[in-house]
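So the structure is just underneath, and the comments pick up after that.
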Amino acid sequence: MTVPWPSRPAQVPVLALGDVLLVTLQGELLDTAAEQLQQDIAQRIARSGATGVVIDISGVDIVDSFLGRVLAEIAANARLMAARTVLAGMRPAVAMTLVELGLTLPGLATALDVERALELLSGHPLSAVPSDPGKEDT
């Protein structure tokens, strides 16, 4: 008789790029995997002293209220450990869903892609947005 192995959630890799941690989410992320990711990122920040976290969600089609809350909690945990979090690659449908769910993701900066997220964390954004779009800076 064979006994099935207990199923473990697929672990999401957390890569170090200098002092920034890069997490790339693909497809559907189960609740247990999302909770594990939250713990993994906090532990990696504590061990490495990372100053930034980029979470690439360009491969995610759906963000439900639970995943939205986990992303906000990752950013809050990182902020308490002196690291900034940037969410990169959000698809328009995901953004609209988050708005419909009333999730504003406090503490999370956003960028169109990973390159721009890394630039944001380095303090050298690709392009600056004027404080008042109707008025030119002098």
Side-chain angles (χ1 to χ4, degrees):
M1 179 172 157
T2 45
V3 177
W5 288 96
S7 64
R8 271 189 76 185
Q11 194 167 6
V12 178
V14 179
L15 307 174
L17 299 173
D19 62 350
V20 173
L21 300 178
L22 174 63
V23 178
T24 301
L25 302 181
Q26 296 289 322
E28 185 179 348
L29 191 64
L30 300 175
D31 292 355
T32 52
E35 289 172 337
Q36 184 62 51
L37 177 63
Q38 186 175 359
Q39 293 174 11
D40 292 347
I41 291 173
Q43 289 172 355
R44 288 289 299 269
I45 292 170
R47 277 199 317 260
S48 69
T51 59
V53 178
V54 174
I55 303 173
D56 178 14
I57 62 167
S58 60
V60 174
D61 293 322
I62 298 169
V63 174
D64 61 9
S65 60
F66 179 78
L67 182 56
R69 184 178 58 80
V70 168
L71 292 172
E73 287 176 1
I74 288 170
N77 290 337
R79 191 171 47 254
L80 289 172
M81 294 188 295
R84 294 172 49 205
T85 305
V86 180
L87 198 60
M90 187 179 305
R91 295 175 185 219
V94 170
M96 289 186 286
T97 299
L98 290 173
V99 169
E100 288 170 1
L101 292 172
L103 297 173
T104 58
L105 304 180
L108 268 170
T110 58
L112 293 176
D113 55 36
V114 171
E115 180 183 1
R116 288 186 173 135
L118 292 170
E119 299 237 349
L120 225 169
L121 288 173
S122 73
H124 300 92
L126 292 173
S127 62
V129 177
S131 56
D132 184 356
K135 184 170 98 174
E136 288 189 33
D137 292 337
T138 54

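Numbering of residues begins at 1 and proceeds along the displayed sequence. Quantities reported herein were computed from a predicted structural model and do not represent experimental measurements.
For the atom pair CZ (Arg69) and CD1 (Ile74), the distance works out to 11.0 Å, reported to the nearest 0.5 Å. Atom CG of Leu30 and atom CD of Gln36 lie 12.5 Å apart (nearest 0.5 Å).
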Applying side-chain contact (heavy atoms from CB on, under 4.5 Å), run through Leu121 and Val86 and close with a yes or a no.
CA-CA 8 Å; Leu121 288 173; Val86 180; 3.7 Å; yes

So Met90 and Val63, side-chain contact (heavy atoms from CB on, under 4.5 Å) or not? Walk me through it.
CA-CA 10 Å; Met90 187 179 305; Val63 174; over 6 Å; no

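Using a 4.5 Å cut-off on side-chain heavy atoms (C-beta onward), Val12 and Val23 make contact.
One N or O on the side chain of Arg44 and one on the backbone of Val14 form a donor-acceptor pair closer than 3.5 Å.
Residues passing the side-chain hydrogen bond (donor to acceptor under 3.5 Å, both in side chains) test with Asn77, sequence neighbours excluded: none. When the side-chain hydrogen bond (donor to acceptor under 3.5 Å, both in side chains) test is applied to Gln26, no partner is found at least two apart in sequence or on another chain.
Among the candidates Thr24, Leu22, Leu21, the single residue satisfying the side chain to side chain contact (heavy atoms under 4.5 Å, CB included) test with Val54 is Leu22. Thr85 pairs with exactly one of Ile55, Ile45, Ile41 by the side chain to side chain contact (heavy atoms under 4.5 Å, CB included) rule, that one being Ile55.
Shortest non-hydrogen contact noted between Ala34 and Val70 is O-CG1, 3.6 Å. Residues Ala83 and Gly52 come closest through the heavy atom pair CB-N, 4.0 Å. When all heavy atoms are compared, the tightest approach of Val53 to Ala78 is CG2-CB, 4.5 Å. Contact detail for Leu120 and Thr110: the closest heavy-atom pair is CD1-O, 3.8 Å.
Counting non-hydrogen atoms of neighbouring residues, nucleotides and ligands closer than 6.0 angstrom, the CD atom of Glu28 reaches no more than 12 such neighbours. Residue Leu112 qualifies as open at atom CG: its count of foreign heavy atoms under 6.0 Å is 12 or below. Leu80 CG: more than 12 foreign heavy atoms inside a 6.0 Å radius.
Residues Ile62 and Leu87 are members of separate hydrophobic clusters, defined by side-chain heavy-atom contacts under 4.5 angstrom among Ile, Leu, Val, Met, Phe, Trp and Tyr.
The stretch residues 87-107 participates, sequence neighbours left out, in these side chain to side chain donor-acceptor pair (under 3.5 Å) pairs: Asp61-Arg91.
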